[in-house]
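Below, chain A is the first sequence line, B the second, and so on; all start at residue 1.
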Number of protein chains: 2
Amino acid sequence: MRSYEQYCSLAKALDVVGDRWTLLIVRELLSRGTCRYTDLQRGLPGIATNLLAERLRHLEEHGIVTKSKAPPPVATTVFRLTPRGEELQSVVFALGRWGLPLLPRQPSGEVFQSHWFALPLRRVLGERTIAGPPTTLEVRTGDEPITITSSASGVEVHVGEAHAPDAVLTGTPALVMELLLGVSTLDGVRAQGLVIEGSEDAIVGFLPTSDAASAAPRPLVATDPRR
Amino acid sequence: MRSYEQYCSLAKALDVVGDRWTLLIVRELLSRGTCRYTDLQRGLPGIATNLLAERLRHLEEHGIVTKSKAPPPVATTVFRLTPRGEELQSVVFALGRWGLPLLPRQPSGEVFQSHWFALPLRRVLGERTIAGPPTTLEVRTGDEPITITSSASGVEVHVGEAHAPDAVLTGTPALVMELLLGVSTLDGVRAQGLVIEGSEDAIVGFLPTSDAASAAPRPLVATDPRR
DNA sequence: CGGCATCCTCTTTGATACTG
DNA sequence: CAGTATCAAAGAGGATGCCG
């Protein structure tokens, strides 16, 4: 991308990460951690392979991504974010937060991959402390299930099947998020089509306390006037 | 811009504001408030006029910008952000914060316009409460002077000459910012070339208290390894 | 002048094919 | 698996012209 040539940190940031696809590559690496080239390709449907290669080279040159050889058993090249790259989390979250009202209540036409949803889930649940014994939820909302586990060390969110989940949630990502944020009740989201199997108590353990829920600032997935 | 067609709020946000120049247009409107077309053109050196028109139309369609006729004395069309557009402030600040280490210590080759600097100044000073009588500083660091005033109602930052400033600071934006953030002392920035005229006490009134200064998280304008 | 629209050239992107 | 090569289509940049 041609530089804006402005003495302005916003312009400088856009000089580096303002190109098409670039921030989505960062999202992939934030969500998945270490990635192979083909992982990135699958997580970025529609990207041309030459563009992915070119963007990765550019990000590496700017100290945002590192490329390395994985040890012998796998013996492939892997990409990951540098600390400087991880600092882009604030940017990705700010943009993602702003874009929420643009999401329709359910995927329609768009591709949807579960690991995209894992990132905001991790953000929402990551700082929550869950009382009681270790608990596991499985969320089935996209191409792959998501496993949410609580233990003494905190809440973790992973893409993949849970081994012996205490409860399973099946439905749209919007409903799952509304439930976990506390903006809707268990009965509320069930009435809207979320299927809940297993222990309701296990789910309730993950929900915010009522005073924390009231801190939710705006409607999460709003009706966008332009859709 | 072609849509990414992903059910992901980051991708949706980039569908709307990911185009080249778009976030810089938002920066202009955040910094200046109401703008005429030619104000925007001057604040975005290098933009093609058809692109500016196209982006403004796009932003208006998406409810980020409103176009209106100014009342008779001026009788021109003006652009401003909608509330939804103002919410992009978090995005602009996150990107601007991330981009800070990419700024060299002084403009060299890049265009520099004072009102770009007024935005982060406002962010830094806006929440500060200044004790004592109303005070005015003038900062001369770019094409236009910046006036910083403190009064009972808070701190305000405007582009333009101060009427009777208590002190005048002349030098690079980095030095001014380091002083106001408290990461450098008055004597420190003077040693690096910042020229200070008038009442030092007036300036000291704007500086953070020492405990607040220690909260500054990282070097502000770092030496970028790639420059 | 202020606010664009048009035209043309050049660069970037997208789609596909191919390679160590 | 991890890219490079090629080429058509879309977008950006620059100059100019038009209209109130």
Does any part of the side chain of [Y], heavy atoms only, come nearer than 4.5 Å to the side chain of [X], both counted from C-beta?
X: A/T82; Y: A/V65; value: no
X: B/R27; Y: B/L119; value: yes
X: B/F79; Y: B/T34; value: no
X: A/L137; Y: A/T147; value: no
X: B/L169; Y: B/L194; value: yes

Between B/D15 (side chain only) and B/S3 (backbone N and O only), is there a donor and an acceptor less than 3.5 Å apart?
no
What is the distance, to the nearest angstrom, from the [atom1] atom on [X] to the [atom2] atom on [N]?
X: A/M1; N: D/dG13; atom1: CE; atom2: C1'; result: 14 Å
X: A/L24; N: C/dT13; atom1: CG; atom2: C1'; result: 15 Å
X: B/L14; N: C/dT13; atom1: CG; atom2: P; result: 14 Å
X: A/L56; N: D/dA2; atom1: CG; atom2: C1'; result: 10 Å
X: A/L44; N: D/dG3; atom1: CG; atom2: P; result: 14 Å
X: A/R55; N: D/dT4; atom1: CZ; atom2: P; result: 14 Å
X: A/E54; N: D/dA2; atom1: CD; atom2: C1'; result: 16 Å

Can a side chain N or O of [X] be found less than 4.0 Å away from OP1 or OP2 on [N]?
X: B/R57; N: C/dC4; answer: no
X: B/K69; N: C/dG2; answer: no
X: A/T76; N: D/dC1; answer: no

Quick check on the helix from C/dC1-D/dG20 to C/dG20-D/dC1: what's the angle between its two end axes, five base pairs per end, to the nearest 10°?
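Terminal axis comparison yields 30°.
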Would you jot down, in residue-number order, the residues of residues 33-42 of chain A having a non-hydrogen atom under 4.0 Å from DNA chain C?
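Correct list: empty, so none.
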Hey, can you pull the donor-acceptor pairs under 3.5 Å for the side chains in residues 42-57 of chain A, sequence neighbours left out?
unit_1 : atom_1 : unit_2 : atom_2 : d
A/T49  : OG1    : A/Y37  : OH     : 2.9
A/R55  : NE     : A/R20  : O      : 2.8
A/R55  : NH2    : A/R20  : O      : 3.3

Along nucleotides 14-20 of chain C, 5' to 3', which nucleotides get a B, which get an S, and which get a -, given that the test is a protein heavy-atom distance under 4.0 Å?
BBBB---
Face-on cation placement of A/R84 at B/W98 ring, 6.0 Å and 45° thresholds
yes
Could I get the full list of ring pair (Phe, Tyr, Trp, His ring centres under 6.0 Å) partners for A/H58, not counting sequence neighbours?
A/H62
Sequence-distant partners of B/Y4, ring pair (Phe, Tyr, Trp, His ring centres under 6.0 Å), two or more places apart
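Here the qualifying residues are A/W21.
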With a 6.0 Å cut-off (strictly less than), is the heavy-atom count around CZ of A/R122, excluding the residue itself, greater than 12?
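Result for CZ/A/R122: enclosed.
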